[in-house]
Structure formats: structure tokens, C-alpha cells
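This report refers to the structure that appears directly beneath it.
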Number of protein chains: 2
Amino acid sequence: MGADGGRREEILAAALEMLAEQGWRGTSLNAIADRVGLTRQGVLHYFPSKQALLTEILARRQDLNREHLLADHADKDWPDQLAEVVAHDHDRPGLARAYSVLMAESLTAGHPAHAHFRDHYSDVRARMTEAFTRRWGDRLPSGLSPAQAATALLALLDGMQQQWLLDQDQADDHSDTMRAALSVLLGIPGDH
Amino acid sequence: MGADGGRREEILAAALEMLAEQGWRGTSLNAIADRVGLTRQGVLHYFPSKQALLTEILARRQDLNREHLLADHADKDWPDQLAEVVAHDHDRPGLARAYSVLMAESLTAGHPAHAHFRDHYSDVRARMTEAFTRRWGDRLPSGLSPAQAATALLALLDGMQQQWLLDQDQADDHSDTMRAALSVLLGIPGDH
DNA sequence: GTCTATATTAGGATAGAC
DNA sequence: GTCTATCCTAATATAGAC
């Protein structure tokens, strides 16, 4: 990969940004090209099609799937764990937004990212369930089963992120609520 | 309104169905027209623009916003309450899907439904917070504040609905998990 | 009330010049 | 490696015939 690998990266980064704002269907090759100072034909020199561009974004950006944090470092203490995810999102608002927007968009039939997110969720749920089981056996302190807790925890993260994206001027504090709700779901003491 | 009010209703119903499957941006006037046996020009006779069609759907379909159930009958017992919402979704999979898809799509900048959902959430959160306060004062049995519980509960509903839409073959039972997680969030006894 | 015809714009993609 | 030119398709919308 020579000095011009940079162009590809530039395009990928620009595409990710646009995606976060307008969704994939709302993002045109022209718009991406504009942002990197090319024409859309210039962009198509690096990626054979719009779909190929998305495919590469999904394949590379592991950090687009923030839940990997939850599944990968499952041996740490859970309040710290959660704080890390919240901090991760907070430090990379663009990434967090891209993640939510793309996942949400992929609910519709025939969306090119549908299979990716379906498999991703299935994988993360399984790993979290396993981590919960290792730590607590077949019941969490809250009384939920590991599988129920995994599903509920992911749902809570996604749902809250979306509420926040919908209205960033929400009065109450997002991350405090997240931490408190998570503590309750797991059944471990929080500081609220 | 004469005998032809029916046509308008037909179009609105068809549009809502398509919307649930493909999202708003993924739904064309041609597709809607096909479904009711018209050309797109025929559809535009009833609604001056695609946007006007969506606006009317949002203005009329109160039941698109399933959370009204949570806010409106907040004096009932909460396990029953929740069961009702779940049943409501279960009986109207098309409506529930339309709701989730449209809400998710409206996260993106400049989406025509963005303001609608922002205001809707703000309203429902406020009403739920008030209902919780009436019932439990400033702390729920779970230890959450009424505002935190309202936010978390809505997030959980949305997040789980989305996981279900993403993969309807999920092994574990959706409504059981929902009920259990809700009981934990509120801090009231469940039957799990 | 519904159609045909048409205008306009935009999107994605290819061929080929430089 | 990037552009111009072109093609194709599809979308919204308007005008006007019937």
C-alpha cells in the first residue's frame, strides 16, 4: 500500500461521517466525493460501487460496534465496564451516531447492512450471556437470567442512545441514568 | 366526506404498510400507488406531495405511538400495564414495525418525522415521569428516580423491539424477557 | 377522479481522454 | 488517479386530456 492508500482512508472516513448524519440511503456518492474534494467518478476509482464502500466500512470498523467492549473485557468490574462504554461513546460521538443510525436503518427490508447487524447482535448477545454465566451462574443478582440480562442490557444501550440522538437537549443526565438503570438491571449496587 | 373518502384511507393504509417494510425514504409513490391500484399521479390527486402524505399519517395515527398506553392508563397495575403494551404490539405487528422503523429513520438529519418523534418522546417521558411520581414519590422501589425510570423503560421497549425486528428467529422469548426486565427496572415483583 | 405525457432532478455506474 | 462525457434508471412533481 503506497502513499495513496491515504485517499482510500479519506474516502472511508468521509463516508462514515456522512452516514452518521444522513444514514446510508440518505448519503450519495456525490456528497461523499464533495467532502474529499473529488467527483463521484473519482470515488468510484477506489471503490467499484457504493455497496462495496459500505461493505468495507462494516468489515473494518470493529469500533463501530461498541458492544465489543462489553463482551471482550467481561472480567472487569461491571460499573467500570459500563463507564468505559459510555466514555467510549462520549469520546467518539461520530462513531456512536454512525452505529446507531446504521443499525436503525438496517431494520428495513433489503438493507445492505441488515445481515451484518443481525449477526453482530447474535454474537454479542451470546458472548455477554456467557460472561454473565461465568460470573453469576444461571441467575444474576437482579433475578434475570444471563440471556435476559444480555438482551435487556443491549436494548437499554441502544434505546437510550437513540433517545439522546433524537433530542440532545434532554434535561436529565444521560450517563447517570444509564449507569443507574444498568446497576438495577444487573442487581449490583450503584451510587445513586 | 362522501363515498370517496375511502380512497384516501386506502392510500394512507397502504403507505403505512410500505413504510413499515422499507422505511419512508425507501418507499416511493409508485410503490404506494401500485398497492392501491393507481398510478402515482392518481395518488398525488389526494395528497399534494409525498411529504404531505407522511404528515397526515403522523397527525392521525395516534396508535402509531404505542406508548400512549403507558402514559394514559398509568393508574393500572404495572404488570398488567406492560402486558397490555406487549399484547398491543403483538396484535398489530405492522403498526409496531412502522413505529420502530420510522422512529429509527427519523434519527438522521433533516428527516421529515424528526420533530414529531422528538416531541412525542419528550411528551411521553414527561407523562410517565408524572405517573411514576404520583404512584411512588421520588424513588421507585428499584431505587431509580421517576425520570430515570421513564427514560430507561422507553429505551428498553424500543431497543428490544428493534432487536426483535432485526432477527425474528431469536431463540429466547421476547415478551418474557421484556416483562422480567421491566419488573426489575421498576423494582416490583415479577413471576420469573 | 384518473390517466398520459412530460419536466426536472438526482442517483449510480461505465468508457475513455488526459 | 482523476476528470469529462454519457447512459440508465428512478424519483417527485406538473399540465392537461378524458
Side-chain angles (χ1 to χ4, degrees), chain A residues 1-59 101-102 105-106 108-114, chain B residues 1-59 101-102 105-106 108-114:
Chain A
M1 208 170 284
D4 288 314
R7 264 292 195 222
R8 274 180 70 87
E9 301 308 312
E10 243 186 286
I11 293 168
L12 285 165
L16 187 66
E17 278 174 47
M18 307 266 347
L19 197 167
E21 290 157 22
Q22 308 277 0
W24 183 245
R25 284 182 168 150
T27 297
S28 72
L29 287 176
N30 268 329
I32 296 167
D34 275 1
R35 196 172 283 216
V36 293
L38 287 179
T39 59
R40 81 175 162 284
Q41 295 91 336
V43 169
L44 287 169
H45 172 70
Y46 295 93
F47 300 91
S49 70
K50 192 192 177 192
Q51 162 80 63
L53 179 53
L54 177 59
T55 302
E56 184 148 335
I57 289 178
L58 291 176
V101 164
L102 194 52
E105 195 179 23
S106 79
T108 55
H111 192 282
H114 184 88
Chain B
M1 209 170 283
D4 288 314
R7 264 294 195 222
R8 274 180 70 88
E9 300 308 310
E10 243 185 288
I11 293 169
L12 285 165
L16 186 65
E17 279 174 46
M18 307 264 351
L19 196 168
E21 289 157 25
Q22 308 275 1
W24 182 246
R25 284 182 169 148
T27 297
S28 72
L29 288 176
N30 267 330
I32 296 167
D34 275 2
R35 198 173 281 218
V36 294
L38 286 179
T39 60
R40 83 175 159 284
Q41 294 89 339
V43 170
L44 286 170
H45 172 71
Y46 295 92
F47 300 91
S49 70
K50 193 192 177 191
Q51 162 81 62
L53 215 188
L54 176 61
T55 302
E56 184 147 338
I57 288 177
L58 291 175
V101 164
L102 195 52
E105 196 180 20
S106 79
T108 55
H111 192 284
H114 184 89

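Heavy-atom basis, side chains included; hydrogens, waters and symmetry copies ignored. Numbered from 1 within each chain, the chains take letters A, B, ... in sequence-line order.
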Hydrogens and angles aside, do A/Thr108 and A/Arg25 bring a side-chain donor and acceptor to less than 3.5 Å of each other?
yes

With no hydrogens and no angle check, do the side chains of A/Gln41 and A/Thr39 hold a donor and an acceptor under 3.5 Å apart?
yes

Identify the pairs formed between an N or O of the protein and an N or O of nucleotides 9-12 of chain C at a distance under 3.5 Å, and give each distance.
residue : atom : partner : partner atom : Å
C/dG12  : OP1  : A/Lys50 : NZ           : 3.0
C/dG12  : OP2  : A/Leu29 : N            : 2.7
C/dG12  : N7   : A/Arg40 : NE           : 3.0
C/dG12  : O6   : A/Arg40 : NH2          : 2.7

Sub-3.5 Å donor-acceptor pair from the side chain of A/Gln51 to the main-chain atoms of A/Pro112, do we have one?
no

How close do [X] and [Y] get, heavy atom to heavy atom, and via which atoms?
| X | Y | answer |
| --- | --- | --- |
| A/Arg8 | A/Tyr46 | NH1-O, 3.0 Å |
| A/Ala33 | A/Arg40 | CB-N, 3.6 Å |
| A/Val36 | A/Glu10 | CG1-O, 3.6 Å |

Value in whole Å for how far the [atom2] atom of [N] lies from [atom1] of [X]:
| X | N | atom1 | atom2 | answer |
| --- | --- | --- | --- | --- |
| B/Leu53 | D/dT12 | CG | P | 11 Å |
| A/Phe47 | D/dT2 | CZ | P | 12 Å |
| A/His45 | C/dG16 | NE2 | P | 17 Å |
| A/Ile32 | C/dA13 | CD1 | C1' | 14 Å |

Return whichever of B/Gln41 or A/Gly42 has its heavy-atom-nearest nucleotide of DNA chain D closer to the 5' end.
A/Gly42

Are B/Arg25 and D/dA11 close enough that a side-chain N or O sits under 4.0 Å from OP1 or OP2?
no

Tell me whether the side-chain N/O atoms of A/Thr39 come closer than 4.0 Å to OP1 or OP2 in D/dT2.
no

